[in-house]
S.K.: 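Pasting in a structure now, in structure tokens, and then I'll have a few things to ask.
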Amino acid sequence: MKLLYALKNPSSETILEPALTPAQRTAFERSLRSWYEQHARVLPWRNVRNPYRTWLSEVMLQQTRVNAVLEHYERFLRRFPTIISLALAPEEEVLAQWSGLGYYRRARMLHRTAKLVVEEYGGELPSTSAGLRRLPGIGTYTAAAIASIAFGESIAVVDGNVERVLLRVLGLPETSGAKMAEFLERTANALVPRRNAGDHNQAMMELGAMICTPRSPRCAECPVFALCRTRGEHPTLERTPMRSERVRYALTTRRKQEGLEVLLQRRPMEASLMANMLELPQLSMHKDTGALVLLEEPLLRVRHSIVGTNYYVEVVGMATRRDAGKHALRGDAMEWVPATKLQEVPLTGLARKVLQRMKLMKLPSGMPQEVPLLIGRGGRASAGKKG
DNA sequence: CAGCCGTGGGG
DNA sequence: TCCCCAAGGCT
């Protein structure tokens with residue numbers, strides 16, 4: 001059955017083009033618009049005319065689910081309401097606000113671009129996709145998204161959703177390569193209306209996110225079912241399997257008169273992964289970690305997957321800095337951070353998750369707070385829960 | 001152009 | 001539980 005698709009693979013030159021007749025394109029655009037007017041989710045970055053906010057939302061949404069962005073978008077805007085406030089902030093604070101969202105290079109480029117725009121562009125983002133495309137962190141997709149949504153330019157976006165919707169409607173398999181990308185750009189642009197390109201683009205992505213999902217698409221609810229040549233899942237490229245790894249981190253606290261402090265370790269500046277961010281000190285899995293550690297069960301086990309690897313994580317309680325220093329892989333770059341300041345430092349997502357679960361850190365918002373778990377001087381962990 | 005960069009929610 | 005992968009960009 002793979003053979004059937006190979007016969008009409010767009011990368012093999014024998015492309016069926018135009019992909020849709022003019023009448024089909026009109027029907028598609030109209031059905032999609034009507035569906036979107038009825039079913040669009042209410043999201044905080046929709047129906048606002050503010051290029052800075054559109055830019056921020058689009059960068060946050062790169063390879064990131066709406067739910068995760070919702071938790072960060074408003075808080076980030078509260079801290080950096082304008083492009084000028086963002087440009088004036090230290091990178092450390094920008095990363096702290098970004099903590100947990102992942103792909104931290106996005107935050108660094110966002111910050112760099114804010115400074116560039118304030119210093120060289122008079123504080124105003126370029127208003128065309130071509131102009132936006134030149135800025136760091138703004139690629140083909142994001143340039144078209146900002147230009148169409150914030151400035152009304154009639155240009156199509158092609159993200160993962162749009163690609164999937166178009167391929168399924170046309171009855172084509174997923175393939176990689178520049179020819180395919182070009183084909184999708186042309187096809188998507190043939191569907192964009194002169195007016196309201198921004199809403200059309202968001203409708204395409206909404207359709208891909210809510211109806212034409214990667215697995216088990218809701219075809220019975222699809223506004224373009226009548227035109228669709230797939231009506232279900234389509235063949236997709238294989239991906240490399242995940243690997244597994246075990247890691248162990250130390251959770252060490254001390255009590256100062258100002259309150260509880262947590263021992264964290266700063267990742268190297270040159271690290272390709274989460275450079276310069278703070279995490280719990282990592283311990284060796286293989287060496288003898290000493291009686292102190294082995295006497296007790298880990299405080300916490302979590303699974304944390306990053307890119308190609310599943311990490312099975314053990315968090316071990318340690319009483320003093322000397323214990324942690326003895327067992328940590330690198331004794332340097334250690335910092336004591338007051339529990340009350342944890343929101344203001346650039347934690348890795350894993351560190352944030354652990355500290356929140358151990359009640360050392362505030363949960364996002366509205367969640368019930370509990371008494372922090374204390375790690376006593378005797379090296380014994382004692383939960384602060386009543387009873 | 002292919003590999004790299006995070007995370008968490010859903011099936 | 002385990003596996004999938006998302007509103008991409010850069011090198």
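Reminder, nothing fancy here: chain letters follow the sequence lines and each chain counts from 1. Atoms considered below: every heavy atom in the structure, side chains included; atoms not considered: hydrogens, waters and symmetry mates.
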S.K.: I'd like to know if the side chain of A/Q62 pairs up with that of A/R106 as donor and acceptor (distance under 3.5 Å, no hydrogens or angles considered).
M.R.: no

S.K.: Applying a 4.0 Å non-hydrogen cut-off, can you work out what A/W98 is touching in the nucleic acid: base, sugar-phosphate, or nothing?
M.R.: nothing

S.K.: Can a donor-acceptor pair under 3.5 Å be found between the side-chain atoms of A/R105 and the base atoms of C/dG9?
M.R.: yes

S.K.: If you find the nucleotide of DNA chain C closest to A/R65 and the one closest to A/G160, which residue's nucleotide is nearer the 5' end?
M.R.: A/R65

S.K.: Contact class for A/M109 vs. all strands (heavy atom < 4.0 Å): base, sugar-phosphate, or nothing?
M.R.: sugar-phosphate

S.K.: Could you check whether A/I146 gets within reach of a base, just the sugar-phosphate, or nothing at all, counting any heavy atom under 4.0 Å?
M.R.: nothing

S.K.: One thing to verify: whether A/E182 and A/R186 come together as a salt bridge, which I'm taking to mean a side-chain N less than 4.0 angstrom from a carboxylate O.
M.R.: yes

S.K.: Tell me which one of A/H234, A/E174, A/E233 satisfies side-chain hydrogen bond (donor to acceptor under 3.5 Å, both in side chains) with A/R168.
M.R.: A/H234

S.K.: Is it the case that A/T21 and A/Q24 place a side-chain donor and acceptor less than 3.5 Å from each other?
M.R.: yes

S.K.: Across the strands shown, which category fits A/R41 at heavy-atom distances under 4.0 angstrom: base, sugar-phosphate, nothing?
M.R.: base

S.K.: Checking contacts here: which listed nucleotide (C/dG8, B/dC5, B/dG11) is nearest the side-chain heavy atoms of A/L273?
M.R.: B/dC5

S.K.: Hey, does A/S305 reach any base, or is it just sugar-phosphate, or nothing, if we go heavy atoms under 4.0 Å?
M.R.: base

S.K.: Do A/E279 and A/T348 have side-chain N/O donor and acceptor atoms under 3.5 Å apart?
M.R.: no

S.K.: If you look at every strand shown and take non-hydrogen atoms under 4.0 Å, does A/R46 touch a base, only sugar-phosphate, or nothing?
M.R.: base

S.K.: Checking all strands, does A/G100 fall into the base, sugar-phosphate, or nothing category for heavy-atom contacts under 4.0 angstrom?
M.R.: sugar-phosphate

S.K.: Rounded to the Å, how far apart are A/L350 CG and B/dC5 C1'?
M.R.: 16 Å

S.K.: Here's a test of your reading of the structure: between A/R215 and A/M205, which maps to the more 5' nucleotide of DNA chain C?
M.R.: A/R215

S.K.: Both A/R218 and A/L347 contact DNA chain B. Which one's nearest nucleotide lies toward the 5' end?
M.R.: A/L347

S.K.: Which one, C/dA7, B/dG8, C/dG8, comes nearest to the side chain of A/Q62?
M.R.: C/dG8

S.K.: Does a distance-only test, which skips hydrogens and angles, find a donor-acceptor pair under 3.5 Å between the side chain of A/T142 and the base of C/dG9?
M.R.: no

